[in-house]
Amino acid sequence: MKRLLAPLSIVNQVALLMLLSGILGVAGMGISAWMSQSIQGNAHAINKAGSLRMQSYRLLAQVPLDERHETLIRELERDENSPDLQRSVEQEGLTQPFDALRDYWQQTLQPRLRSAQRPADAAPQVAHFVQLLDKLVSDIDRQTERRLLMVTLVQAGFIALTLLLLIGTTCYLRRRLLHPWRQLVEMALAVGRGDFSRRFAQRGHQDEMASLGGALNTMSDELSATYSGLEQRVAEKTADLQQKNQVLSFLYRASRLLHASEPLCSRLTPLLNQLQTLTPLRAIQVRLYENDSREPLLQLSGNQPLRPEHCHNPVCSACLNDSDRQHPDNPSLSWSLSDKLGDYGVIVAQHAPQQPLNDEHRQLINTLVEQLTSVLAIERQVDHQQQLMLMEERAAIARELHESIAQSLSCLKMQIACLQMQGETLSSASQALVQQMREELNGAYRQLRELLTTFRLQLTEPGLLAALQSTVAEFNPKLGLTIHLDYQLGPRTVPAYQAIHLLQIAREALSNILKHAAASQVSIQVINKRGEVTLSVCDNGRGLPADTSRPDHYGLIIMRDRAKSLHGRCDILPRSGGGTEVRVSFTPDNHAID
């Protein structure tokens with residue numbers, strides 16, 4: 001690798017090493033995906049085998065058979081010849097036991113079932129048929145586990161190769177990049193102290209570092225020759241440099257403040273106050289938008305007469321100032337906080353007519369605008385990534401529930417139905433118990449479907465306001481009316497992981513109104529009172545039932561549980577004029593506005 005990378009520049013070396021890492025990753029994923037395709041369909045085949053097992057027992061329970069049971073026999077034969085089962089059998093090399101299973105059905109079990117007069121006459125043959133099915137399912141499962149083990153080994157091998165490449169890359173770049181860079185930094189620091197005796201040691205490599213070191217050596221020689229003449233010019237430029245030093249110091253502090261972890265208002269307010277001391281600008285305001293929309297907006301400034309609702313700073317004197325307000329006679333200027341990804345807000349300020357901005361002031365403001373735009377873009381991307389990760393995790397949980405518990409409940413419902421079909425052989429007490437079991441299973445299945453619907457809810461819209469607007473647009477035609485939405489929160493007041501719970505509570509409340517209220521007016525209000533967010537969903541419908549503790553009111557329990565997960569409370573209140581109000585109050589995360 002050393003001989004391969006030596007003729008290349010550092011940029012090309014890094015690009016080549018990244019390309020090798022990418023090739024290893026893509027190759028590992030591609031091979032794993034190709035191997036994973038070989039087990040596709042095995043789960044369907046196992047389900048079909050389970051269906052054959054259940055149908056054979058159902059036929060045994062129907063003995064003696066007549067023409068009415070031909071449909072059950074054809075259904076079993078159709079499942080036995082299903083493409084999913086045959087494809088999995090051929091793929092795993094289990095054609096011989098599968099053919100034996102089919103022959104046993106055609107030649108032994110089917111004639112025996114048709115001729116049997118009692119279930120006991122065909123019970124041994126059905127048991128043998130089920131035994132053959134169990135062996136076939138066991139063989140398919142064993143082949144699937146073997147292929148999964150191969151996929152794991154392949155992934156482990158590529159991970160090991162990738163780690164080795166990363167370790168080699170780190171060691172190589174430390175020698176070619178980090179060590180020369182430290183020499184350059186030490187030499188630059190020495191030059192800054194007035195010591196021009198340090199030189200960059202050439203090691204025979206013709207790359208960017210060598211070029212930069214040679215240039216720095218040349219520059220050091222020239223600076224050493226002209227240093228004596230610069231002392232006189234330094235005195236003449238001291239005033240100008242002091243002013244520029246203030247600007248640079250301001251930009252440095254601005255960079256540190258903007259990338260800190262405090263709330264955004266605590267970071268911006270000191271910068272706005274400092275900017276007024278360096279420029280003729282007055283009454284500076286930063287108006288932040290949510291989702292590229294100019295309404296609603298969050299206004300931050302250093303001349304707030306009252307404490308903002310979103311503020312968490314315990315020292316009110318740090319922000320409150322009513323001495324410098326905007327005047328209609330002064331010229332106004334604005335700078336847009338936007339890039340190609342979105343519109344984040346605008347900076348609005350005024351200046352006295354006799355004090356216009358010069359080029360240095362405009363350059364300072366433009367640099368600050370670029371820094372602030374970059375910070376807002378990064379924070380919006382981080383919020384979006386957190387939202388996507390949350391949705392992916394909830395979707396994964398929904399898939400796991402659907403593929404495990406939902407299928408088990410469906411199987412139990414079918415087995416209960418089979419028991420009820422044998423009602424004449426059961427006592428009245430057993431029949432009542434079976435009916436009770438079926439009702440409980442149906443209730444559990446309904447609750448599971450509701451839970452799956454909740455987990456699959458996607459907060460695809462960026463921000464709570466857009467999500468609530470989408471929900472209102474969805475329920476307007478269902479309710480046959482126009483839902484009034486009153487949203488009074490600033491941008492990013494509620495983080496994504498709390499917004500999803502608030503949205504689900506609102507959807508659950510609207511769903512209850514649709515099912516039970518028969519309302520003609522529905523409204524949703526979201527407000528912020530001194531840091532506490534309150535969501536109210538009101539209607540003028542029938543109102544609350546007399547008993548809300550019945551099992552079919554589990555939706556109210558779900559809303560209260562979600563409010564607890566927000567560390568808040570959920571109240572279901574009757575309205576004085578008729579109808580119901582669902583009110584949720586909680587305190588959002590202190591870093592929601594940062």
Side-chain angles (χ1 to χ4, degrees), residues 184-185 188-189 191-192 212 215-216 219 223 226 230 232-260 262 264-289 292 294 297-304 319 321 323-327 329-381 594:
L184 292 175
V185 171
L189 294 176
V191 170
L212 185 59
L216 197 57
M219 182 187 69
L223 288 176
T226 59
L230 292 177
Q232 182 179 357
R233 298 182 58 186
V234 166
E236 299 174 356
K237 297 291 184 179
T238 299
D240 183 52
L241 289 177
Q242 287 179 347
Q243 180 181 2
K244 291 182 178 180
N245 183 55
Q246 292 179 353
V247 173
L248 291 176
S249 178
F250 168 76
L251 292 177
Y252 173 73
R253 292 193 300 271
S255 178
R256 294 190 59 181
L257 279 174
L258 290 177
H259 291 86
E262 288 79 9
L264 188 59
C265 59
S266 300
R267 289 180 280 165
L268 276 183
T269 303
L271 292 181
L272 299 181
N273 293 330
Q274 294 175 24
L275 187 61
Q276 292 185 154
T277 63
L278 297 176
T279 64
L281 295 179
R282 296 293 180 269
I284 305 176
Q285 296 178 354
V286 178
R287 301 171 183 176
L288 302 179
Y289 305 145
D292 302 330
R294 298 182 182 271
L297 58 86
L298 175 64
Q299 180 170 302
L300 303 175
S301 65
N303 53 355
Q304 300 259 8
C319 301
N321 179 18
S323 61
D324 193 4
R325 305 293 301 276
Q326 290 190 350
H327 301 281
D329 298 333
N330 292 340
S332 297
L333 298 174
S334 63
W335 293 265
S336 176
L337 302 174
S338 61
D339 56 16
K340 61 181 181 180
L341 298 178
D343 188 5
Y344 312 107
V346 65
I347 296 179
V348 179
Q350 291 185 337
H351 66 88
Q354 64 276 11
Q355 292 181 327
L357 298 180
N358 56 31
D359 293 338
E360 294 181 354
H361 295 153
R362 293 183 183 275
Q363 184 177 3
L364 171 62
I365 297 173
N366 290 334
T367 303
L368 180 62
V369 167
E370 292 178 359
Q371 291 183 354
L372 182 56
T373 301
S374 176
V375 169
L376 294 175
I378 292 173
E379 292 180 351
R380 179 177 291 186
Q381 291 177 3
D594 55 5

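Given the structure is predicted, the values throughout are model-derived calculations rather than measurements. All residue numbers refer to positions in the sequence shown, counting from 1.
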What closest approach, in Å, do [X] and [Y] show between heavy atoms, and which atom pair accounts for it?
X: Leu337; Y: Asp343; value: O-OD1, 3.6 Å
X: Gln371; Y: Ser255; value: OE1-N, 3.8 Å
X: Pro280; Y: Leu357; value: CD-CD2, 3.5 Å
X: Leu271; Y: Ala254; value: CD2-CA, 3.5 Å

* Check for a donor-acceptor pair, side chain of Thr373 on one end and backbone N or O of Val369 on the other, with a separation under 3.5 Å. => yes

* Asked: Hey, does the side chain of Ser374 reach the backbone of Glu370 with a donor-acceptor pair shorter than 3.5 angstrom?
  -> no

4.5 Å side-chain heavy-atom contact, [X] and [Y]:
X: Val348; Y: Ile284; result: no
X: Ser334; Y: Ile347; result: no
X: Leu281; Y: Gln350; result: no
X: Trp335; Y: Leu368; result: no

Can you tell me how far apart [atom1] ([X]) and [atom2] ([Y]) are? Round to the nearest 0.5 Å.
X: Gln274; Y: Thr269; atom1: CD; atom2: OG1; answer: 11.0 Å
X: Gln363; Y: Leu251; atom1: CD; atom2: CG; answer: 9.0 Å
X: Gln246; Y: Thr277; atom1: CD; atom2: OG1; answer: 7.5 Å
X: Leu275; Y: Arg282; atom1: CG; atom2: CZ; answer: 9.5 Å
X: Ile365; Y: Leu372; atom1: CD1; atom2: CG; answer: 13.0 Å
X: Leu364; Y: Leu278; atom1: CG; atom2: CG; answer: 6.5 Å

* Asked: What do the steps show when you test Arg253 against Ser249 for side-chain contact (heavy atoms from CB on, under 4.5 Å), and what is the final call?
  -> CA-CA 6 Å; Arg253 292 193 300 271; Ser249 178; 2.4 Å; yes

